[in-house]
Amino acid sequence: MCLAVPGRVLEIEERDGTRMATVDFGGVVKEVCLEYLPDLQVGEYAIVHVGFALQRLDEESAKQTLELFAELGMLQEEFGDAWEMAAAEAGVAPAEEVHNQ
């Protein structure tokens, strides 16, 4: 599943002519393109989908949504390691545990 997830802008920089941000999604930090929200500022929240900030969001709504996603395990599903999750579902130890034995 691919969700639109609210995140808080931590820093902004321009890379090769594209405005990019480091965004915190409830503890998971990712790089996001700001081309659709060129006036978004550090400290503000936005809804992000497939690496693009799409819509500004107020802090209260963002925090409520992140809490709900965390309760439902959707943040781990969206941002977790797909190989690790598949191994867990199959009842197999993750690769690093197998190599460390």
Side-chain angles (χ1 to χ4, degrees):
M1 181 185 321
C2 194
L3 302 171
V5 181
R8 182 174 181 269
V9 177
L10 301 176
E11 64 182 51
I12 296 172
E13 65 181 84
E14 190 169 315
R15 284 192 222 136
D16 299 323
T18 301
R19 200 159 182 258
M20 298 293 292
T22 303
V23 177
D24 179 8
F25 299 95
V28 177
V29 177
K30 299 280 185 179
E31 296 299 310
V32 172
C33 179
L34 299 182
E35 289 300 301
Y36 296 128
L37 291 176
D39 62 338
L40 195 66
Q41 300 297 314
V42 171
E44 290 186 306
Y45 288 82
I47 294 174
V48 177
H49 181 65
V50 294
F52 289 87
L54 300 177
Q55 181 178 349
R56 186 175 274 103
L57 188 63
D58 67 275
E59 183 175 4
E60 183 179 336
S61 296
K63 287 183 176 181
Q64 288 175 348
T65 303
L66 285 169
E67 287 174 17
L68 180 60
F69 283 3
E71 286 175 26
L72 297 172
M74 295 173 86
L75 287 178
Q76 178 61 27
E77 182 178 318
E78 184 70 13
F79 296 120
D81 182 316
W83 294 108
E84 186 177 306
M85 289 187 293
E89 287 179 16
V92 177
E96 66 260 5
E97 288 182 22
V98 172
H99 292 292
N100 292 334
Q101 292 180 358

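From a predicted model like this one, the values you see are computed outputs, not experimental measurements. In what follows, residues are counted from 1 in the order of the sequence shown.
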Other than V29, what residues sit in its cluster of Ile, Leu, Val, Met, Phe, Trp and Tyr side chains whose heavy atoms are under 4.5 Å apart, directly or through others?
L10
Mind checking side-chain contact (heavy atoms from CB on, under 4.5 Å) for Y36 and listing every partner two or more places apart, or none if nothing turns up?
F52, L54
Donor-acceptor contacts under 3.5 Å from residues 62-70 side chains, at least two apart:
from : atom 1 : to  : atom 2 : distance (Å)
K63  : NZ     : E59 : OE2    : 2.8
Q64  : NE2    : E60 : OE2    : 3.4
T65  : OG1    : S61 : O      : 2.9

In this structure, would V32 and I47 fall into the same cluster of hydrophobic residues linked by side-chain contacts under 4.5 Å?
no
Applying salt bridge (charged side-chain N to carboxylate O under 4.0 Å, His left out), name anything that partners E35, two or more places apart in sequence or on another chain.
none
When hydrophobic residues are tied together by side-chain contacts of less than 4.5 Å, even through go-betweens, does Y45 share a cluster with F25?
no
What salt bridge (charged side-chain N to carboxylate O under 4.0 Å, His left out) pairs are there with at least one residue in residues 38-50, not counting sequence neighbours?
D39-R56, E44-R56
Got a list of side-chain donor-acceptor pairs under 3.5 Å for residues 16-23, not counting sequence neighbours?
from : atom 1 : to  : atom 2 : distance (Å)
R19  : NH1    : P38 : O      : 2.5
R19  : NH1    : L40 : O      : 3.2
R19  : NH2    : L40 : O      : 3.0
T22  : OG1    : E31 : OE2    : 3.0

The reported gap from CG in L57 to CZ in R8 (rounded to nearest 0.5 angstrom) is 13.5 Å
